[in-house]
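All remarks here apply to the structure that follows.
Below, each value reflects all heavy atoms present in this structure, side chains not excepted, and no hydrogens, waters or symmetry copies. Order of appearance sets the numbers: ligands from 1, and atoms from 1 within every ligand. Position 1 is the first residue of the sequence; numbering continues from there.
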Amino acid sequence: LRWEVIDLSETRELILEAKHVTKRYPASGDRMLTACQDVSLKFYKGKTLGIVGESGCGKSTFMRMVVSLEQPDEGEILFHGRDISRLKGRELRQHRQKIQMVFQDPAEAFSPKMKVMDIICEPLLNFKRIRKSEKEAVARKYLEMVELPGDFALRYPHSMSGGQRQRVGIARALVLEPELIVYDEATSALDVSVQKTIVELLVKLQKEKDIAYGFICHDMALVQSLSHQVAVMYLGSIMEVLPGEKVASGCLHPYTKAMIDAVFDLRMDFDKPIKSIESEAPSPLDLPAGCPFQNRCPRCMEICRREKPALRQIEEDHQIACHLYGQQGEQR
Ligand code: ADP
Ligand code: MG
């Protein structure tokens, strides 16, 4: 299954670029946990960058820095060429209007005493962009945009289904007319059929409004179906970046391949043994020297234990961090 997304070869307008971003957290016993290590990724107008990887690999940490909820320890986050990673006070507040984030269940963050119109309009009121008297009309407009009845403006979120609440969360993210929206596992808690209608809505809204999306998800099949680019993350590092439509047939990194095998074996061939990855991922507290994937990699070589492979361009729109592949993507 793939959504009709426009291909990447046409001219692209860069909106946000993360350059060599690293984030560490203090852990017990004076140790440091590396949640995100030297990550460089780009977001383009009207395009979706999907990030996929196992739980705990650093997807949310990276995106929290992209949306200015946290500051990187190293690296830069350029928004239209300007580093926004160290903004403070009024400048930070002003900037935050341009990038929004939608979480797994945004309704959890909503006060149960707030009506849907208050939830949707809160960001606009905070920035004094509308008057209180305009709330209901604005909420109705955005409810219709997310394909909910305008009358939902007067309801409370707890009287709605999970899918409807997620639509309210999307409406709330849209009201500031941001240039980039990050969805953090935003459809992961929903039934597959509801998930499908929400993804359809997201694809439609993106085409209408030309918004850049960041889409975090641990479901490889879903991520590749709607992303123009997919970044595969492992233990805080980016392993491979490639067009969504090439993930199933053209991925090269042993980790991406293992994930693809896990997805497609399960769905398509029940006679084949499921090739799950054998050993555990190392802890982000003790990142090994060399490649982060070395202890689980079926193709691990001597150099992989010594040297961390850099993320390199091997083709237009295809980057890989793996010693198996040389400059032009030829296999060693
Ligand atoms: P993902 O979203 O891919 O599941 P996260 O970005 O949430 O991963 O977490 C990456 C790593 O960073 C995990 O080991 C997690 O425990 C750790 N981590 C995330 N946020 C914090 C924090 N505020 N303080 C300490 N450790 C954190
Ligand atoms: Mg997360």
Next on the checklist: Regarding Arg129 and Glu177, does a basic nitrogen lie under 4.0 Å from an acidic carboxylate oxygen?
Outcome noted: no
Next on the checklist: Which protein residues come within less than 4.0 angstrom of ligand 1, counting heavy atoms only?
Outcome noted: Tyr25, Leu33, Ala35, Glu54, Ser55, Gly56, Cys57, Gly58, Lys59, Ser60, Thr61, Arg64, Pro284
Checklist entry - Does the pair Arg172 and Gln100 meet the rule for a side-chain hydrogen bond (donor to acceptor under 3.5 Å, both in side chains), with working shown? => result CA-CA 9 Å; Arg172 181 183 156 103; Gln100 295 294 305; over 6 Å; no
Checklist outcome for this item: Scanning both residues in full, the closest heavy-atom pair of Pro254 with Leu324 reads CG-CD1, 3.8 Å
Checklist entry - Given the rule in the side-chain hydrogen bond (donor to acceptor under 3.5 Å, both in side chains) test, do Ser188 and Gln104 qualify, once you have shown the distances and angles that lead to the verdict? => result CA-CA 7 Å; Ser188 301; Gln104 187 157 329; 5.0 Å; no
Checklist entry - Would you call the rings of His253 and Tyr255 parallel, tilted or perpendicular if under 30° counts as parallel and over 60° as perpendicular? => result perpendicular
Next on the checklist: Can you list everything that forms a ring-ring contact (aromatic ring centres under 6.0 Å, His included) with Tyr142? Sequence neighbours excluded, please.
Outcome noted: none
Next on the checklist: I'd like to check the ring-ring contact (aromatic ring centres under 6.0 Å, His included) partners of Tyr183; sequence neighbours left out, ordered by chain and number.
Outcome noted: Tyr213
Next on the checklist: I need the minimum non-hydrogen distance between Gly150 and Leu143, along with the two atoms involved.
Outcome noted: O-CD1, 3.6 Å
Item to check | the Mg ion (ligand 2) neighbourhood, protein N/O/S only, threshold under 2.8 Å | outcome: Ser60 OG
Item to check | Interatomic spacing from CZ in Phe43 to CD1 in Ile181 - rounded to 0.5 Å | outcome: 12.5 Å
